[in-house]
Amino acid sequence: MPHSKIDTTSAKPQTAQVIIVDDEEALRVSLSQWLDLSGYTICVHADAISALEDITPDFAGVILTDVKMPKLDGIAFTKSVLAIDRDIPVILMTGHGDVPMAVEAMKSGAYDFVEKPFEPNDILESLERAIEKRKLVIENRALRTQIAQQGTLDSRLIGNSPSMRALKAEIANIAPTEVPVLVSGETGTGKELVARAIHDLSTRNDRRFVAVNCAAIPESTAESELFGHEKGAFTGATNRRIGWIEHADNGTLFLDELSSMPLALQAKLLRVIEQREIVRLGSNTPVKVNFRLICATNEDLPTAVADKRFREDLLFRINTFELQIAPLRQRKDDLPLLFDIFAERAAENFDRPYEKPPAKLWGGLLAHEWSGNVRELKNLAERYVLLTGNAEERWARLFGNSIGNGAADPADKTGSLADQLRHFEQHIIRDALTRHNGNVKTVMDELDIPRRTLNEKMKKLNIRRDTIEER
Ligand SMILES: Nc1ncnc2c1ncn2[C@@H]1O[C@H](COP(=O)(O)OP(=O)(O)OP(=O)(O)O)[C@@H](O)[C@H]1O
Ligand SMILES: [Mg+2]
């Protein structure tokens, strides 16, 4: 029986796939030769049951099937295919007198039928239409998934700055794959949030996400925590314990603050990653484990390698794909949005009123250093909601007495008061113009100053609209 398998993941997505099912060998051969010459990727089956094994919901092609066949006939086969995916086009090849039956089959969802005997050219048009239809269905689905994922990501990872948008696009791209990901970023930038988002957008999202903070497990118990132990493995091991890695089987293993892991344990971890099996303490039997690895670090790992605190071979195993989250001070455009959303959520949680602080106060956010990144911002937004007093008073308690607490840039906290103020004003106006793509009217509204004042200030502070960065 001629039987070639379709590789649905193969690198030839342009050539449309056709599965031919017929118990008559002569027909299989002639049809497949002809379709092969026409540029299709062909897979032939002598019976419907074996054909079903090749059909998955993402099958990107079309099925041509005989009706009268032993084991499973073409009608029942069509029903099974449509149960897998009701949008797979099935074209029936009917024998003489089978037409009424084929018409019935079409009512229940078959795409078309052709009466035997036929010339290959007779089915070409129907086949091409069916292939086109299938292509559209697959494309639409991919698009819908992408949009849904974008929506999920946008509601979870707040921020529209160019670097946040790029990060979200990278997450959507990498999540469905199995590659190990290294997430790096300063404290509070959202590394764990990103790791969870990757898991939730992956095919493992119905399985566990196991987060292990490598800095928080004591060295003495780390091995047993990670790999587990058998009853009696050591004094006090009264029961078998399944370790974190085994716990993540079929799911995602998130190793946080990885650089804190002792070197000896790093060697053991490397072996687990390479061999995909663990051995519980007190046991000699390896246990297979299948996990997607995501690691996070707030330290530069190449530096840790240079300092001989981190194994280079381990680094190469985990950094197949690296996602770097920019610190908040490098994406200041995100500050107002983050503050506003966190404050709104806090207000809802604490059942407190919240009104967006007046625009003239926002400069305080920009001037702050944000060494604690988003975590610090979230905390301040929550405190803002809980504090009493008017907006200015609350703001002053959070950010100091004046708007912005001095100069805009921490590096510029020198010079006369007039110089610092000038610098700060320049920064606020530039920032507002950048955020609003140079739209003076919006900037006037936001900063609550008349056009003349804004024009004068821009002239005095040497700010030209055409020098504002395009975003
Ligand atoms: N872009 C964002 N949108 C919404 N919330 C965010 C964002 N980034 C971070 N957060 C929130 O900030 C807090 C800190 O994030 P997370 O714990 O993921 O940071 P981290 O990088 O793992 O920090 P650490 O290095 O200290 O462990 C969390 O409450 C998280 O939900
Ligand atoms: Mg963290």
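Order of appearance sets the numbers: ligands from 1, and atoms from 1 within every ligand.
Side chain to side chain, His436 and Thr442 fail the donor-acceptor criterion of an N or O pair below 3.5 Å. Side chains of Ser161 and Asp334: a donor on one and an acceptor on the other come within 3.5 Å.
The atoms of ligand 1 that sit less than 4.0 Å from any heavy atom of Glu192 are 18 (O), 22 (O). Contact atoms of ligand 1 toward Leu157: 1 (N), 3 (N) (distance under 4.0 Å to a heavy atom of the residue). Numbered from 1 in the order shown, with element, the atoms of ligand 1 that lie under 4.0 Å from a heavy atom of Asn298 read 25 (O). Remark: ligand 1 atoms within the under-4.0 Å shell around heavy atoms of Arg156 are 3 (N), 4 (C).
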Run the ring-ring contact (aromatic ring centres under 6.0 Å, His included) test on Trp370 and Phe339 for me, step by step, so that the C-alpha distance in whole Å, both residues' side-chain angles and the decisive distance to 0.1 Å come before the verdict.
CA-CA 12 Å; Trp370 300 113; Phe339 184 92; 8.3 Å; no
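Neither the backbone nor the side chain of Phe254 comes within 4.0 Å of ligand 1, counting heavy atoms alone.
Inclusion of Lys191 in the set of residues having an N or O under 3.5 Å from an N or O of ligand 1 is warranted. Below 3.5 Å of separation, one finds an N or O of Leu193 facing an N or O of ligand 1. Polar contact check, Thr187 against ligand 1: a nitrogen or oxygen pair lies under 3.5 Å apart. Here's the thing with Lys378: one of its N/O atoms is less than 3.5 angstrom from an N/O atom of ligand 1. For the pair Gly190 and ligand 1, the shortest N or O to N or O distance falls below 3.5 Å. Looking at Met164 next to ligand 1, no N or O pair under 3.5 Å apart turns up.
Between Asp256 and Lys191 there is no salt bridge, since no side-chain N of the basic residue sits under 4.0 Å from a carboxylate O of the acidic one. For Asp445 and Lys441, the salt-bridge test passes: some basic side-chain N is under 4.0 Å from an acidic carboxylate O. With salt bridges taken as basic N to acidic carboxylate O contacts below 4.0 Å, none links Glu344 and Lys356. A salt bridge does not link Glu393 to Arg397: none of the charged side-chain nitrogens sits closer than 4.0 Å to a carboxylate oxygen.
With hydrogens left out, the protein atom closest to atom 27 (O) of ligand 1 is Arg375 NH2, 3.8 Å, a heavy atom. For atom 23 (O) of ligand 1, the closest non-hydrogen atom on the protein side is Gly188 N, 2.9 Å. Counting only heavy atoms of the protein, atom 3 (N) of ligand 1 lies nearest to Ile158 N, 2.9 Å.
Among Asp154, Val194, Val374, the residue whose heavy atom lies closest to atom 11 (C) of ligand 1 is Val374.
Taking the six-membered ring where tryptophan is involved, the planes of Trp395 and Phe399 are tilted, since the angle between them lies from 30° to 60°.
Cation-pi geometry between Arg241 and Phe227 is not met: the NZ or CZ atom fails to fall both under 6.0 Å from the ring centre and inside 45° of the normal.
When atom types are taken as modelled, the side chain of Thr434 and the backbone of Arg430 share a donor-acceptor pair closer than 3.5 angstrom.
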